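All figures in this text were calculated on a predicted structure; none of them were measured in a lab.
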Protein chains: 2
Amino acid sequence: MESRRYLAAYVLFNQAVADHLGLHPTDVQCLSLLTADPGPRTVKQIAEMTGLTTGSATRLVDRLERGGYVVRAPDRQDRRRVLVTPVPERIARVTAVWDDLGPAWQSLLDDHSEAELEVIARHMRRAYELSHTQMQRLRSTPKPD
Amino acid sequence: MESRRYLAAYVLFNQAVADHLGLHPTDVQCLSLLTADPGPRTVKQIAEMTGLTTGSATRLVDRLERGGYVVRAPDRQDRRRVLVTPVPERIARVTAVWDDLGPAWQSLLDDHSEAELEVIARHMRRAYELSHTQMQRLRSTPKPD
DNA sequence: TAGTATTCACTGCGCGACGCAGTGAATGCG
DNA sequence: CGCATTCACTGCGTCGCGCAGTGAATACTA
C-alpha cells in the first residue's frame with residue numbers, strides 16, 4: 001500500500017517536472033536514464049530502456065535533438081547505427097530543477113543511517129531486477145482478454 | 001542512481017501490466033489507487049489523484065466504465081457529483097495479474113526483517129509527502145523556458 | 001428570498017505521442 | 001556472391017489528452 005502511493009507520487013512528480021520544463025514525461029524519463037550513465041546510446045537502446053518501438057524512439061530523439069538536449073553522431077564501427085549523446089550544458093537545465101529541489105531530498109536521505117540507506121538501496125536494486133523477469137513472464141503469458 | 005533505475009523499472013512494469021490487460025498505463029494507475037482504498041470517489045478526486053483535468057478524467061471513467069471496471073452512481077447529497085465505484089469481480093481480473101506475480105514479490109519482502117521493512121516504508125512515506133510539497137513549489141516557480 | 005458566483009461533470013475540438021507497417025542502407029552468414 | 005538480419009527512419013491512423021465552453025446544482029450575499 002505504501003509503495004503504491006509512493007510510486008503513484010513519483011509518476012505525478014515526474015509529470016510536474018516535465019510540465020515545468022515544457023517536455024513530456026517520456027522525455028524526462030529518457031534524459032534521466034541517459035544522464036545516469038552519460039555514455040552514448042544507440043536509438044535501439046533508447047527504445048529498450050523507455051519501452052517504445054524503434055520508430056517512436058526516433059521521434060523521441062528528434063524532440064530531444066530539436067530541444068538541444070542531445071546530439072546525433074554516426075557510429076564508425078557500424079554505419080547503420082546512430083549514437084545519441086547528451087549535451088551537458090543543456091542537460092544542466094534539467095538537473096537544475098533537481099538541484100533546486102535537491103536539499104529537501106538530501107535531508108530526507110540524511111535522516112537515514114548508512115545501514116538504512118543500504119537496506120533501501122538493496123530493496124530497490126532487487127525490485128529492479130525482479131521487475132525485468134516479471135515483465136518477460138507477463139509478455140509470455142496469454143492475455144486474459 | 002539506484003532509485004532512478006528503480007522508478008524507471010516501475011514505469012516499464014506498469015506499462016507491461018497495462019498492455020497485458022489491454023488498458024492504458026493511466027487506467028492501471030487509476031485502478032491501483034482506487035483499490036488501495038475502495039471507497040467511492042468523485043470524478044474530481046480521480047482527476048486530482050491521476051494529475052489529469054476533469055475533462056480527461058471523465059474520459060478515463062468512460063473507458064473504465066465501458067470495460068466494466070467501475071460503475072457510476074449519482075450522489076444524493078450533491079446532485080452535481082457522480083460517485084465512481086470499482087466493481088470487485090472485474091477488478092479481480094487486474095489483481096489476478098498481481099497475484100500471479102505476487103509470490104516472487106512476497107519472497108523479496110520476506111528476505112527483509114520487520115525493522116528493515118519499516119525503514120523502507122518510512123522512506124517511501126516521507127518521499128511521498130515530500131513530493132507533494134515539491135510539486136507545489138514547482139508549479140509556483142516560473143518556467144525556465 | 002432573489003440574484004450572483006462558484007463548482008461539478010461533461011463535451012467538441014485540435015494537438016501530438018504512439019504503434020504499425022514498410023523503406024533503404026549496412027552488416028553478418030553460408 | 002546471394003540471402004537474411006538489423007539498424008534508423010518515415011507515412012498513416014489511432015487515441016489520450018488539454019483547452020475552452022456548456023448546463024445543472026450548489027453556495028454565497030444583500
Take the protein atom [atom1] of [X] and the nucleotide atom [atom2] of [N], then report the distance between them rounded to whole Å.
X	N	atom1	atom2	answer
B/Asp62	D/dC17	CG	P	12 Å
A/Glu48	D/dA8	CD	P	10 Å
B/Ile46	C/dA9	CD1	C1'	12 Å
B/Gln77	D/dA27	CD	P	11 Å
B/Leu83	C/dC8	CG	C1'	12 Å
B/Leu52	D/dG16	CG	C1'	9 Å
B/Asp75	C/dA9	CG	P	9 Å
A/Arg72	D/dC9	CZ	C1'	9 Å

Taking only the side-chain nitrogens and oxygens of [X], find out if one of them lies under 4.0 Å from OP1 or OP2 of [N].
X	N	result
B/Thr42	C/dA9	yes
B/Arg81	C/dC10	no
A/Ser56	C/dC18	no

Where the side chain of [X] is defined as all heavy atoms beyond and including C-beta, which of [options] is the nearest nucleotide?
X	options	value
B/Thr54	C/dC10, D/dT10, C/dG19	C/dC10
A/Lys44	C/dC18, D/dC9, D/dC7	D/dC7
B/His24	D/dC15, D/dG18, C/dA9	D/dC15
B/Arg79	D/dG18, D/dA8, D/dT26	D/dT26
A/Thr26	C/dC18, C/dA9, D/dG16	C/dC18
B/Arg59	C/dC10, D/dC9, C/dC13	C/dC13
A/Thr53	D/dA8, C/dA9, C/dG19	C/dG19
A/Asp78	D/dA8, C/dT11, C/dA26	C/dA26
A/Arg80	C/dG19, C/dA25, D/dC9	C/dA25

* Lys/Arg-Asp/Glu bridge criterion (N-O < 4.0 Å) met for A/Glu2, B/Arg126 ->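 Answer for the salt bridge query: no.
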
* **Under-4.0 Å salt bridge between A/Arg90 and A/Glu65** =>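 Here A/Arg90 does not pair with A/Glu65 in a salt bridge, since their nearest N and O are not under 4.0 Å apart.
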
* To do: Please figure out whether B/Gly55 or A/Gln45 has its closest DNA chain D nucleotide nearer the 5' end.
  =>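 The residue mapped nearer the 5' terminus is A/Gln45.
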
* To do: Test side chain to side chain contact (heavy atoms under 4.5 Å, CB included) on A/Thr42 and A/Val82 and set out the steps.
  => CA-CA 6 Å; A/Thr42 66; A/Val82 172; over 6 Å; no

* Between B/Lys44, B/Arg80, B/Arg81, which is the residue that forms a salt bridge (charged side-chain N to carboxylate O under 4.0 Å, His left out) with B/Asp75? ->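 Output: one option passes, namely B/Arg81.
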
* To do: Look at all strands and tell whether A/Leu60 reaches a base, only sugar-phosphate, or nothing, counting heavy atoms closer than 4.0 Å.
  =>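 Since no nucleic acid heavy atom lies under 4.0 Å of A/Leu60, the category is nothing.
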
* Could you check if a side-chain atom of B/Asp27 sits within less than 4.5 angstrom of a side-chain atom of B/Tyr69, using non-hydrogen atoms only? =>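 No; the side chains remain at least 4.5 Å from each other.
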
* To do: Tell me yes or no: between the side chains of B/Arg4 and A/Thr35, is some donor less than 3.5 Å from an acceptor?
  =>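 There is such a pair between these side chains.
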
* Asked: DNA chain C: B/Val82 or A/Arg76, which has the more 5' nearest nucleotide?
  ->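 Taking each residue's closest nucleotide, the earlier one in sequence belongs to B/Val82.
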
